[in-house]
Amino acid sequence: MIKITFPDKSIREYENETTASTIAASISPSLRKKCVAAKLNGEIYDLARPILADASLELITNDNPDAMPVLNHSCAHLMAQAIKRLYPDAKFGVGPAIEEGFYYDFDTEEKVTDEDLVHIEKMMTKIASEALDMTRKEVTREEAQALFQDDEYKLALIDAIEEGQLITIYAQGEFADLCAGGHVTNTKEIKFFKLLTVAGAYWRGDSKNKMLTRIYGYAAFSKAELEAYLDILKARKERDHKKLGKELEIFYMNPLSGQGFPILLPNGATIRKQITKYVTEIEEDYGFQHVFTPVIGSSELYKTSGHWDHYRDDMFIPMNMDGEELVLRPMSCPHHMMIYASKMRSYRDLPVRLAEEVIQHRYEASGALTGLERVRAMTLTDAHLFVRPDQIKTEFAHCLKMIHQAIEDFGIEVDYYSLSLRDPDDKEKYFDDDAMWNTAETMLAEVLEANDVDFVRMPGEAAFYGPKLDIQIKTALGHELTLSTIQLDFLLPERFDLTYIDENGEKVRPVVIHRGFISTYERLLAYLIELYKGAFPMWLAPTQVTIIPVNNNFHSDYANEIVSLLKKHRIRFNLDNREEKLGYKIRESQTKKVPMLIVLGDKEVEDQTITVRRYGQEETQTLNLATFVSTILEEIANKSR
């Protein structure tokens, strides 16, 4: 007999080799109908898989969040089977469930496009109706290799499995897939799904490998759930920064300027200038000194820093001139190390806080380039703090406070905080100083706890030279991005022989804190476009006020008076005195999402007032000029949203 312990601590006995499906049916037939899978000792377990030993069991019903990955993983297999029927030469990479849905990578001679998705969906529906059992089988390495002998991608995956590790396959009808599970019991359980997009993905994520076709999809347990998700996707699409960036004339992409090199148009440049102004002022408020360094450095500089060995594949090809090898800057750290080293420092001089608005170049794979989110030339405010060990905690908190202020001012929503730590058992990957690591990691955790920051510890995710905090955000389209980073570095001071004179007159090494403030300006702009849906708050809006005279012959003089006043206060405006219909000009201002619209008619001229309508509102408000200007200036000063 097998004893099963349920989550409520109750215990029941079942015959040997029973299944979760049998257990669910014995409790309630209606419960069995709702069950998708089970958790056995905390691991996902197929309903039809025999239970061979005493265990703790949790039945996963279709209203449990754990059920969605099982359904979507199963749907990925269903799609792969449909692809194999339609494209017999297809070979398959990996096909996992992801946070929202699933994807599968495959290789076929015939090009597959978005137009082909409907045909694949029809075949998936047909296979689902065939009610094929999805069965698990344990196989030897030799059996797996024989089964997938014509698929080099599966063979590579098999080769990567460690000796002695269990190998399993899942089969449904004529189709079999290398997989660890879990899955639904039968294809008939996969009823509601939608294939979304066709994309490209390098095999194993390496740009040196072949580009495979990737299809994304989503499966749900009901038609209503699927339609609700598709509505979310539609709403997200309306926020897509690539779509809005074009409509609002914020940025422009043209292959002639090079892939991954967006051009900011006047509206985009104006927003960028406001970001730069904000960053410069807040850094000055927090005691940073601004520097300027070249966009090009010698290869020797990056060899000294270690970037040459670790990031060379992501750097642009070196240029050889006058016997010197030069490279476009991938990061500003080495230049800032040299600034610190340019003179002798005392312990009284520290902390030294250096910040710079830098342009960096990284050779991102063409398949990874995405609008403004992922580019090859990026601008950011990069900072490095040179501190004594006793200042680490204070300066880390100082940086965190600064970032939190920016998050509040821009209206950014944090997804989670990630504290990257070392793996203490890995002596090769990490700088070998146990005392340093223990002290540094404890300090960072204490600062986060003191600031009531919930964070996730990520062992093994730290850089070689020190622990770091990453602040993660999600775009309106669901993309996860790193907004800010605070990184401790004990290695670069060694590589550049950085020192200061301590209170005993001895030379000692400073600690470097890398501070990434608010991501790259390009990525931040993409995020903000989607966050605000293109309707920027007053302080960031490219045009803050549109002025429309009802009749140019009678109202233009007053319009010009207002223009002079707005210019005086550096309020950004557009005087729309074109010979167009009033309704057309009002609609255009709304389309461009200008925060304030002024319409000037006879009454406004006579009373020396203005009639104002805010973007997105129907009602209007009549104000005198002084009140109007002070309202705008107050919103700008307060970063009002």
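- The OG1 atom of Thr125 sits 12.0 Å away from atom CD1 of Ile120, with the distance rounded to the nearest 0.5 Å.
- Leu195 places a side-chain heavy atom less than 4.5 Å from the side chain of Met124.
- When all heavy atoms of Asn267 and Leu248 are compared, the pair lying nearest together is ND2-O, 2.9 Å.
- In this view, Lys91 and Asp151, Glu152, Tyr153 satisfy the side chain to side chain contact (heavy atoms under 4.5 Å, CB included) rule, not counting sequence neighbours.
- In this structure, the side chain of Asp46 does not engage the main chain of Ala48 through any donor-acceptor pair within 3.5 Å.
- Atom CG of Asp576 is separated from atom OG of Ser589 by 8.0 Å, given to the nearest 0.5 angstrom.
- Looking at Met538 and Ile632, their side chains come closer than 4.5 Å, going by heavy atoms from C-beta outward.
- Here the CD1 atom belonging to Ile27 is positioned 8.0 Å from the SG atom belonging to Cys35, to the nearest 0.5 angstrom.
- Heavy-atom minimum distance, Pro595 versus Ala541: CG-CB, 3.6 Å.
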Practice problem: Could you walk me through whether Arg614 and Glu635 pass the salt bridge (charged side-chain N to carboxylate O under 4.0 Å, His left out) test, one step at a time? | Solution: CA-CA 13 Å; Arg614 288 182 178 272; Glu635 287 188 23; 2.4 Å; yes
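- Side chain of Glu109 to backbone of Asp89: no donor-acceptor contact under 3.5 angstrom is found.
- Formation of a donor-acceptor pair under 3.5 Å by the Asp470 side chain with backbone atoms of Leu419 is not found in this model.
- Lys126 and Glu130 are joined by a salt bridge, as a carboxylate oxygen and a charged side-chain nitrogen come within less than 4.0 angstrom of each other.
- Residue-environment remark: NZ (Lys585) exceeds the threshold of 12 foreign heavy atoms within 6.0 Å.
- Lys242 meets the side chain to side chain contact (heavy atoms under 4.5 Å, CB included) test with Asp240, Thr370; sequence neighbours excluded.
- Side-chain contact between Tyr521 and Leu372 is absent, with no heavy-atom pair separated by less than 4.5 Å.
- Tested against Phe410 for a ring pair (Phe, Tyr, Trp, His ring centres under 6.0 Å), the candidates Tyr527, Tyr532, Trp539 yield a single pass: Trp539.
- Partners of Asp454 by side-chain hydrogen bond (donor to acceptor under 3.5 Å, both in side chains), not counting sequence neighbours: none found.
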Practice problem: Please assess Gln544 against Ile636 for the test side chain to side chain contact (heavy atoms under 4.5 Å, CB included), listing each intermediate value before the final yes or no. | Solution: CA-CA 10 Å; Gln544 295 164 320; Ile636 294 171; 3.5 Å; yes
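- Here the CG atom belonging to Asp116 is positioned 11.5 Å from the CD atom belonging to Glu121, to the nearest 0.5 angstrom.
- Within a 6.0 Å sphere centred on CD of Glu413, heavy atoms belonging to other residues, nucleotides or ligands number 12 at most.
- Residues His404 and Met402 fail the side-chain proximity criterion, which asks for heavy atoms closer than 4.5 Å.
- For the pair Arg613 and Glu619, the salt-bridge criterion is not met [side-chain N within less than 4.0 Å of a carboxylate O].
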Under 3.5 Å, sequence neighbours excluded: what are the donor-acceptor pairs made by side chains of residues 250-263?
{"unit_1": "Tyr252", "atom_1": "OH", "unit_2": "Asn254", "atom_2": "ND2", "d": "2.7"}
{"unit_1": "Asn254", "atom_1": "OD1", "unit_2": "Leu256", "atom_2": "N", "d": "2.8"}
{"unit_1": "Ser257", "atom_1": "OG", "unit_2": "Asn254", "atom_2": "O", "d": "2.9"}
{"unit_1": "Ser257", "atom_1": "OG", "unit_2": "Phe261", "atom_2": "O", "d": "3.3"}

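- A donor atom on one side chain and an acceptor atom on the other are not found under 3.5 Å apart for Asn638 and Ser640.
- Put simply, the side chain of Phe536 reaches to within 4.5 Å of the side chain of Ile529, judged on heavy atoms.
- The minimum heavy-atom distance between Ala176 and Phe148, with the atom names listed, is O-CE2, 3.6 Å.
- Judged purely by atom type and a 3.5 angstrom limit, Thr168 uses its side chain to pair as donor or acceptor with the backbone of Cys179.
- Within the model, atoms SG of Cys75 and CZ of Phe102 stand 4.0 Å from one another, a figure rounded to the nearest 0.5 Å.
- A side-chain N or O of Ser30 and one of Ser28 form a donor-acceptor pair less than 3.5 Å apart.
- Residues Arg572 and Thr270 bring no donor and acceptor atom of their side chains to less than 3.5 Å of each other.
- No donor-acceptor pair closer than 3.5 Å links the side chain of Thr520 to the backbone N or O of Leu380.
- Salt-bridge formation is detected for the pair Arg85/Glu174: a Lys NZ or Arg NE/NH1/NH2 atom is positioned less than 4.0 Å from an Asp or Glu carboxylate oxygen.
- Donor-acceptor pairing under 3.5 Å is recorded for the side chains of Glu115 and Thr113.
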Self-check item: Leu31/Leu59 under side chain to side chain contact (heavy atoms under 4.5 Å, CB included): CA gap, chis, key distance, verdict
Solution: CA-CA 9 Å; Leu31 175 64; Leu59 296 171; 3.7 Å; yes
Side-chain donor-acceptor distances from residues 211-221 under 3.5 Å, at least two apart:
{"unit_1": "Arg214", "atom_1": "NE", "unit_2": "Asp105", "atom_2": "OD1", "d": "2.6"}
{"unit_1": "Arg214", "atom_1": "NH1", "unit_2": "Tyr216", "atom_2": "OH", "d": "3.1"}
{"unit_1": "Arg214", "atom_1": "NH2", "unit_2": "Asp105", "atom_2": "OD2", "d": "3.0"}

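- Salt bridge Glu480/Arg523: absent, no basic N to carboxylate O contact under 4.0 Å.
- The shortest non-hydrogen separation linking Asp63 to Lys34 is OD2-NZ, 3.8 Å.
- Panel note: side chain Thr543, backbone Val545; no donor-acceptor pair is recorded below 3.5 Å.
- In this structure a side-chain-to-backbone donor-acceptor pair under 3.5 Å is present from Ser74 to Val184.
- Salt-bridge formation is detected for the pair Lys243/Glu247: a Lys NZ or Arg NE/NH1/NH2 atom is positioned less than 4.0 Å from an Asp or Glu carboxylate oxygen.
- With sequence neighbours excluded, the residues that form a side chain to side chain contact (heavy atoms under 4.5 Å, CB included) with Ile359 are Val295, His361, Thr379.
- Under the 4.5 Å side-chain criterion, counting only non-hydrogen atoms from C-beta, Thr546 is not in contact with Met596.
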Practice problem: Go through the steps to decide whether Arg376 and Glu522 satisfy the test salt bridge (charged side-chain N to carboxylate O under 4.0 Å, His left out), and finish with yes or no. | Solution: CA-CA 11 Å; Arg376 286 174 171 168; Glu522 291 80 10; over 6 Å; no
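- Ion pairing of Glu99 with Lys474 is present here, as a side-chain N (NZ or NE/NH1/NH2) and a carboxylate O approach within less than 4.0 Å.
- Of the candidates Leu531, Leu483, Leu524, Ile473 forms a side chain to side chain contact (heavy atoms under 4.5 Å, CB included) with just one, namely Leu483.
- The shortest side-chain heavy-atom distance between Lys194 and Leu226 falls under the 4.5 Å cut-off.
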Exercise. In sequence, state the C-alpha distance, the side-chain angles, and the governing distance for Glu357 and Lys277, and then conclude on salt bridge (charged side-chain N to carboxylate O under 4.0 Å, His left out).
Key: CA-CA 11 Å; Glu357 182 179 276; Lys277 181 174 181 289; over 6 Å; no
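- Atom NE2 in His183 sits 11.5 Å away from atom CG in Leu78 (nearest 0.5 Å).
- Between Lys154 and Asp177 there is a salt bridge, with a side-chain nitrogen of the basic residue lying less than 4.0 Å from a carboxylate oxygen of the acidic one.
- Side-chain contact between Leu469 and Leu400 is present, with at least one heavy-atom pair separated by less than 4.5 Å.
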